[in-house]
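Taking it in order: structure first as structure tokens, then the write-up.
Model, not experiment: these values are computed from the prediction. Numbered from 1 within each chain, the chains take letters A, B, ... in sequence-line order.
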Protein chains: 2
Amino acid sequence: MSLHFAILGLLTFEPMSGYTLKTRYFDRSVAHFWPADQSQIYRTLQSLERSGEVEGHIVASDTRPKSRLYAITEAGRTALVAWLAQDRPVAVQRDDFLVQLYFARLLSRDQVLAMLQARLDQHVRQRDYFDTLEIPEATSDEMRRQIVFGGLTLDFARRRERMMIAWIEACIAEISGLPDAGSPFA
Amino acid sequence: MSLHFAILGLLTFEPMSGYTLKTRYFDRSVAHFWPADQSQIYRTLQSLERSGEVEGHIVASDTRPKSRLYAITEAGRTALVAWLAQDRPVAVQRDDFLVQLYFARLLSRDQVLAMLQARLDQHVRQRDYFDTLEIPEATSDEMRRQIVFGGLTLDFARRRERMMIAWIEACIAEISGLPDAGSPFA
DNA sequence: AAGTCATATAAGATATGTCCTATATTGGAT
DNA sequence: ATCCAATATAGGACATATCTTATATGACTT
């Protein structure tokens with residue numbers, strides 16, 4: 001359901017087409033914590049229209065292909081605000097890397113270290129990405145409020161990457177000090 | 001695929017039934033970073049048997065209902081070790097709470113603070129849970145090696161909870177200092 | 001003897017997400 | 001003219017995960 005409400009949320013900024021929604025807003029914000037591809041977004045817009053939470057109108061342009069402009073309805077706003085205020089259980093953080101690490105006794109020490117190092121590099125890159133993300137200038141009070149909350153989620157991403165980096169460095173330190181029992185099953 | 005290999009991994013400890021695998025091992029380890037319910041585990045065991053990665057034999061007991069004991073095969077071990085050594089892209093961490101927070105300008109300040117406080121409580125409970133998790137005594141070298149890697153994943157869980165707590169506290173501090181613009185749409 | 005709990009397994013229905021491919025228009029570059 | 005990139009939308013196929021219900025045995029309790 002999160003994508004459903006994320007799209008409703010983005011449509012509170014302004015009415016827009018699926019394309020604009022995805023490329024100008026979704027991919028720069030929500031996608032960082034709730035990714036979805038193009039086909040999912042278009043399908044969700046269709047279902048949102050069927051349920052009366054958004055309304056779509058085809059708009060012709062002389063400079064671009066005709067598109068379907070979606071606007072959130074009153075019913076949509078009501079549903080969105082109700083969902084936003086809901087207490088939800090903490091989302092499960094699935095991570096296949098942790099599955100690999102949990103069974104890493106079946107690998108050689110060097111294989112484990114290589115895998116940790118590769119992971120570390122990825123998180124360093126992600127940290128740099130989030131550290132250099134540009135925050136747009138606020139041009140209205142509403143936007144100023146939005147940027148506060150966007151900033152909180154960005155702060156989360158930065159803290160998470162720093163945590164990951166510190167943890168992986170600790171893993172590398174611990175595994176480096178271990179005797180290599182070889183790869184008993186490789 | 002992670003569940004597939006997580007189950008193979010658990011079967012490197014010893015041959016066991018789906019029931020034992022889930023209750024004695026899976027729920028206490030892998031479930032923390034790759035949860036799955038009973039029906040998923042049984043279905044995966046069946047598919048693992050069809051692909052020749054495990055072998056199951058029905059075992060009768062006088063004290064308990066008859067069960068199907070699964071053992072990992074050589075092919076299974078080979079497939080597992082190959083998967084473990086694979087470099088994978090960092091898994092996306094989907095979090096519906098971040099979606100809620102991103103659009104929280106649509107809520108009143110008190111609603112946001114209540115939602116942050118509820119979240120904080122949950123993470124404090126999770127931190128306490130991970131901080132008090134008992135680690136079993138090693139009774140073999142193999143087990144000692146396993147406990148090292150289990151310990152790394154546990155360390156991750158603890159660091160993550162501490163990061164979450166620090167971040168939510170920072171959010172509460174920032175939102176508390178904000179004027180309440182009311183709930184424009186509620 | 002009936003009821004409940006722990007052990008043990010299975011499958012249907014539904015929801016959700018991912019991958020891939022297809023289609024069409026417009027503007028700008030060569 | 002032709003090609004390419006950006007704009008714009010749609011759907012099939014498949015994979016994965018969740019929810020719910022069903023079934024069965026043996027041990028223990030009342």
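- Annotation for Met143(A): hydrophobic cluster partners, listed by chain and number, are Tyr129(A), Phe130(A), Leu133(A), Ile135(A), Ile147(A), Leu154(A) (ILVMFWY side-chain heavy atoms under 4.5 Å, direct or chained).
- The hydrophobic cluster containing Tyr19(B), built from Ile/Leu/Val/Met/Phe/Trp/Tyr side-chain heavy atoms closer than 4.5 Å, also comprises Tyr42(B).
- Note on Asp131(A) versus Arg162(A): salt bridge recorded, some NZ/NE/NH1/NH2 to OD/OE distance being below 4.0 Å.
- Rounded to whole angstrom, the span from the NZ atom of Lys22(A) across to the C1' atom of dT9(D) amounts to 13 Å.
- When rounded to the nearest whole Å, the span between CE of Met1(A) and C1' of dT14(C) equals 12 Å.
- As a whole-Å value, the separation of Ile7(A) CD1 from dT9(D) P is 12 Å.
- Rounded to whole Å, atom P of dA10(D) lies 15 Å from atom OH of Tyr19(A).
- The CG-C1' distance, from Leu69(A) to dT9(D), rounds to 14 Å in whole Å.
- Between Ile72(B) and Glu53(B), every side-chain heavy-atom pair lies at or beyond the 4.5 Å cut-off.
- Mapping Tyr70(B) and Arg94(B) onto DNA chain C by nearest heavy atom places Tyr70(B) at the nucleotide closer to the 5' end.
- A salt bridge is absent between Arg125(A) and Asp121(A): the closest approach of a Lys/Arg side-chain nitrogen to an acidic carboxylate oxygen does not fall below 4.0 angstrom.
- Under the ring-ring contact (aromatic ring centres under 6.0 Å, His included) criterion, Phe33(B) pairs with Tyr102(A), sequence neighbours left out.
- Under the rule for a ring-ring contact (aromatic ring centres under 6.0 Å, His included), the partners of Phe5(B) that lie at least two apart in sequence or sit in another chain are Trp83(B).
- No donor-acceptor pair under 3.5 Å is formed between the side chain of Thr44(A) and the backbone N or O of His4(A).
- The CG atom of Leu21(A) sits 15 Å away from the C1' atom of dT7(D) (whole-angstrom rounding).
- In this structure, Ile58(B) places its CD1 atom 9 Å from P of dT9(C), rounding to the nearest Å.
- Residues of residues 23-38 of chain B having a heavy atom closer than 4.0 Å to DNA chain D, listed by number: Trp34(B), Asp37(B).
- Asp141(A) has no carboxylate O lying under 4.0 Å from a charged side-chain N of Arg105(B), or vice versa, which leaves the two without a salt bridge.
- For residues 39-54 of chain B, proximity to DNA chain C is found at Ser39(B), Tyr42(B), Arg43(B), Gln46(B), defined as any non-hydrogen atom under 4.0 angstrom from a strand atom.
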